[in-house]
Amino acid sequence: MIKKALFPAAGYGTRFLPATKSVPKEMLPIVNKPLIHYGIKECMNAGIFEIGFVTGRSKRAIEDYLDHNPELEFQIEGSSKEKLLEEVNEMIDKCTFTYVRQKKMLGLGHAVLTGEPLIGDNPFAVVLADDLCEGDILSQMVKLYKKYKCSIVAIEEVPKNEVNKYGVIKGKEIDNGVFMVEDMVEKPEVNKAPSNLAIIGRYILTPDIFDLLKETKPGKGGEIQLTDALLKQAKDGMVIAYKFKGKRFDCGSVDGFIKATNYFYEKDFKGK
Ligand code: G1P
């Protein structure tokens with residue numbers, strides 16, 4: 001039922017300058033695979049093969065990654081290196097990738113709205129590739145969507161002093177790990193947060209979000225916030241929050257990036 005995903009990928013990634021001067025932050029590798037690779041794999045595992053990117057200037061490396069490179073493929077044909085391209089080639093062959101540029105950086109809500117032509121009138125997933133997830137969180141959310149048919153945000157308990165980095169929800173637990181959202185605030189002050197349940201970068205959104213985003217005024221940081229548009233759906237009882245099963249690395253921060261690198265090195269490389 002969820003066939004499309006949107007990857008907002010227009011941000012500057014200033015925390016990783018100077019690398020992100022010319023390499024999109026979504027292309028920074030965790031060991032040998034760029035962040036988007038992990039996000040796309042997660043989509044495919046959830047049965048999603050139509051993937052849209054909201055990009056910006058200097059993001060062309062994303063398109064090149066998601067296309068064949070015949071010269072390189074010819075060079076390594078028949079060698080042991082060939083298998084290193086297997087997974088990405090499978091993505092290229094099985095998925096369609098579409099792109100639209102966000103011309104001004106007006107926030108995550110604005111980025112999602114920019115993706116409307118790629119999504120149309122369909123429920124869709126949103127993947128923030130710098131939240132690197134293990135455990136097929138999207139598959140879990142797609143299953144939940146079949147039951148609840150409303151927008152879903154993935155949440156995680158975070159230390160109280162870190163709530164100001166996230167969208168934070170208040171909700172009533174209606175099933176194991178499933179909350180009916182009553183309130184949500186973008187990056188609240190630590191002592192004003194409604195809980196320590198933080199939204200992480202996986203969403204399923206119903207397409208009425210686009211009209212709501214069009215009416216959403218700039219919020220926190222002067223940006224058009226997805227959280228604010230979602231709150232309007234929540235007021236109609238149409239948003240649930242899901243405490244996912246799995247792991248998540250905040251690869252938008254240097255700390256999280258290093259933790260993810262060590263984790264995937266141990267898991268996929270060490271001793272092999
Ligand atoms: C965005 C959202 C925020 C969410 C976070 C998850 O913030 O606005 O609600 O908690 O992603 O990573 P950003 O990290 O882009 O500032």
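Predicted model only: the values in this text are computed from it and were never measured. When a ligand or atom number is given, it counts from 1 through the structure's own listing order. All values below come from the heavy atoms of this structure, side chains included, with hydrogens, waters and symmetry mates left out.
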Self-check item: Residue that, paired with Glu134, satisfies salt bridge (charged side-chain N to carboxylate O under 4.0 Å, His left out) out of Lys41, Lys267, Lys247
Solution: Lys267

Quiz prompt | Heavy atom of protein inside 4.0 Å of atom 12 (O) of ligand 1, strictly below | solution = yes

Quiz item: For Ile200, is at least one N or O under 3.5 Å away from an N or O on ligand 1?
Solution: no

Exercise. Say whether Thr227 and ligand 1 are in contact under the criterion: heavy-atom distance to a ligand atom below 4.0 Å.
Key: yes

Self-check item: Top protein contact for atom 5 (C) of ligand 1, by heavy-atom distance
Solution: Ile199 O, 4.0 Å

Exercise. Check if Lys165 has a non-hydrogen atom at a distance under 4.0 Å from any atom of ligand 1.
Key: no

Quiz item: Which residue pairs pass the ring pair (Phe, Tyr, Trp, His ring centres under 6.0 Å) test with at least one member in residues 126-181, sequence neighbours excluded?
Solution: none

Quiz item: Do the side chains of Val178 and Met238 join up, straight or via other hydrophobic residues, at under 4.5 Å, putting them in one cluster?
Solution: no

Exercise. Considering the heavy atoms of Tyr166, write down every atom of ligand 1 situated less than 4.0 Å from one of them.
Key: 10 (O)

Quiz item: Given that the side chain starts at C-beta and the backbone is N, CA, C, O, which of these parts of Leu128 lies under 4.0 Å from ligand 1, counting heavy atoms, or is it both or neither?
Solution: side chain

Quiz prompt | Presence of salt bridge, Lys214 and Glu116, under 4.0 angstrom | solution = yes

Quiz item: Do the numbers put Lys33 on top of the ring of Tyr38, so that NZ or CZ is under 6.0 Å from the six-membered ring centre and no more than 45° off the axis?
Solution: yes

Practice problem: Answer yes or no: does an N/O atom from Gly167 fall short of 3.5 Å to an N/O atom of ligand 1? | Solution: yes

Quiz item: By number and element, which atoms of ligand 1 are closer than 4.0 Å to a non-hydrogen atom of Leu108?
Solution: 1 (C), 2 (C), 8 (O)

Quiz prompt | salt bridge (charged side-chain N to carboxylate O under 4.0 Å, His left out) involving Glu73 - partner list, sequence neighbours excluded | solution = none

Quiz item: Does any N or O in the side chain of Asp131 come within less than 3.5 Å of the main-chain N or O of Asp250, such that one atom is a donor and the other an acceptor?
Solution: no

Exercise. Answer yes when Lys4 and Glu50 have at least one side-chain N-carboxylate O distance shorter than 4.0 Å, and no when they do not.
Key: yes

Quiz prompt | Nearest protein heavy atom with distance in Å, relative to atom 8 (O) of ligand 1 | solution = Glu186 OE2, 2.7 Å

Self-check item: Nearest-contact summary for atom 7 (O) of ligand 1 - protein heavy atom, Å
Solution: Lys187 NZ, 3.3 Å

